Amino acid sequence: MDQAKWQEFEDKCRSCHNCGLRDGATNVVIYRGGKDAPLMIVGEAPGQQEDIKGLPFVGRSGQLLQNLLSAYGFKEEDYHICNIAKCRPPENRRPTPEEIKACKPLLAMQFTLVRPKVILLCGSTAYEGFFGTKPSMHEVRGKMIEKNGYYIMTTYHPAYALRNPKNKIPIYEDMGVVRNKLTEIGAMPPLEPIDK
Ligand code: URA
């Protein structure tokens, strides 16, 4: 990891005013996890807790995501968690297409620095930010796509599972596919049995 390039990237994020969201945000939320992790997890935008702490996925959705990562033996250096928008939209509304577009050069830069092997898109905004079209989540989720040498999986946003615990099942399954792919390509060791 090139520390100077990384610092330049973080400075760019913190001084960005490409859209109006920065004015209402306390912090620019850039990432948590490893800087050169094999898995990049992309969510929508910071919520209240994330805005206060300056870290992504540290509220209730984050707790659920963290449980899932622990269940599959991920350590902090194995994942890089970020969002399509780095500043909190007012009242937690979805970022607009213009805001997504404004934030995209920063996400592209982040992607180039991290160079993940597998990308997990959580929810329809993450999908839209990546592919440019609004998905039907029931159709796109759970399918591992290979694009330009990267593997991309789309799953539901963890907030979807907070609405109904049954919705945890597909997210858990999709994370399992991601975990297996990371092992298959040699980016992570096989998952050890729990009762070893
Ligand atoms: N939801 C998101 O999409 N991202 C966060 O960082 C927190 C909640």
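Since the structure is predicted, the reported quantities are computational estimates derived from the model, not experimental observations. All ligand and atom numbering here is 1-based and tracks the order in the structure.
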Can you list the atoms of ligand 1 that are under 4.0 Å from a heavy atom of Pro56? 6 (O)
Under a 4.0 Å heavy-atom limit, does Glu44 contact ligand 1 with its side chain, its backbone, both, or neither? both
Against heavy atoms of Gly43, which atoms of ligand 1 measure under 4.0 Å? 3 (O)
Any salt bridge linking Arg93 with Glu99? Criterion: basic side-chain nitrogen under 4.0 Å from a carboxylate oxygen. yes
Do any heavy atoms of His157 fall under 4.0 Å from ligand 1? yes
Tell me which protein heavy atom sits closest to atom 4 (N) of ligand 1, plus the residue, atom name and distance to 0.1 Å. Asn83 OD1, 2.8 Å
Once you measure the plane-to-plane angle for Tyr31 and His80, does it fall in the parallel (<30°), tilted (30-60°) or perpendicular (>60°) bin? parallel
With a 4.0 Å cut-off, would you call Glu184 and Lys181 a salt bridge? yes
So, does Asp2 use its side chain to make a donor-acceptor pair with the main chain of Ala4 at under 3.5 Å? yes
Side-chain ion pair, Arg115 and Asp36, N-O less than 4.0 Å: no
Does any N or O atom in Phe57 lie less than 3.5 angstrom from one in ligand 1, N or O only? yes
Going by the 4.0 angstrom heavy-atom rule, the piece of Ala45 near ligand 1 is backbone
Can the ring centres of Phe57 and His157 be said to be less than 6.0 Å apart? yes
